[in-house]
Amino acid sequence: LFEIWIRRDSGASTTEIVDGIQVSKSSTQAQLTQLVKERLIYSHKRYWRLTKQGAKRTQLEFPDITEEEVVSYTKSLKG
């Protein structure tokens, strides 16, 4: 989730995520599929983006992310 968060303005491709976390592509794809099922991320124009729920969970896992950053991000999402 954090790799997607740091690229939240433009989204993160699968390749960028694999490079960022140094895990095999197949393992990363399986993790991304699970995150989609949990409705924490979604794909838009071949880039992964966080849902509102995903942004909130990322903040819980990474306390350095402020509430204001999450609120600003979630307001920018459609829906």
### Residue pair Leu50, Leu40: steps toward the side chain to side chain contact (heavy atoms under 4.5 Å, CB included) verdict
CA-CA 6 Å; Leu50 293 171; Leu40 299 175; 5.7 Å; no
### Query
Taking it one step at a time, do Glu69 and Arg8 satisfy side chain to side chain contact (heavy atoms under 4.5 Å, CB included)?
CA-CA 11 Å; Glu69 288 175 304; Arg8 64 189 173 273; 3.9 Å; yes
### Task
In sequence, state the C-alpha distance, the side-chain angles, and the governing distance for Val18 and Val23, and then conclude on side chain to side chain contact (heavy atoms under 4.5 Å, CB included).
CA-CA 6 Å; Val18 169; Val23 178; over 6 Å; no
### Step-by-step side-chain hydrogen bond (donor to acceptor under 3.5 Å, both in side chains) determination, Trp48 to Thr14
CA-CA 8 Å; Trp48 295 103; Thr14 301; 3.0 Å; yes
### Task
Decide side chain to side chain contact (heavy atoms under 4.5 Å, CB included) for Ile21 and Gln31; before the verdict, give the C-alpha distance in whole Å, the side-chain angles of both, and the deciding distance to 0.1 Å.
CA-CA 12 Å; Ile21 60 175; Gln31 292 173 354; 4.2 Å; yes
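Using a 4.5 Å heavy-atom cutoff, the side chains of Tyr73 and Arg49 are in contact. With a 4.5 Å cut-off on side-chain heavy atoms, Arg57 and Glu38 count as touching.
Atom CH2 of Trp5 sits about 12.0 Å away from atom CG of Asp64, to the nearest 0.5 Å. Here the OG1 atom belonging to Thr58 is positioned 11.0 Å from the CD atom belonging to Glu3, to the nearest 0.5 angstrom. A distance of 10.0 Å separates NZ of Lys25 from CG of Asp19, quoted to the nearest 0.5 Å.
Enclosure of atom OH in Tyr42 by more than 12 non-hydrogen atoms of other residues, nucleotides or ligands within 6.0 angstrom is indicated.
A donor-acceptor pair under 3.5 Å links the side-chain atoms of Thr74 to the main chain of Val71, judged by distance alone.
In plain terms, the two heavy atoms of Lys56 and Val70 that are nearest each other are CG-CG1, 4.1 Å. The shortest non-hydrogen separation linking Ala12 to Ile17 is CB-CG1, 3.9 Å. Across all non-hydrogen atoms, the minimal contact from Ser13 to Glu16 is N-OE1, 2.9 Å.
Taking hydrophobic clusters as Ile, Leu, Val, Met, Phe, Trp and Tyr residues chained together by side-chain heavy-atom distances below 4.5 Å, Ile6 shares a cluster with Phe62. Residues Phe2 and Leu77 are members of one and the same hydrophobic cluster, defined by side-chain heavy-atom contacts under 4.5 angstrom among Ile, Leu, Val, Met, Phe, Trp and Tyr.
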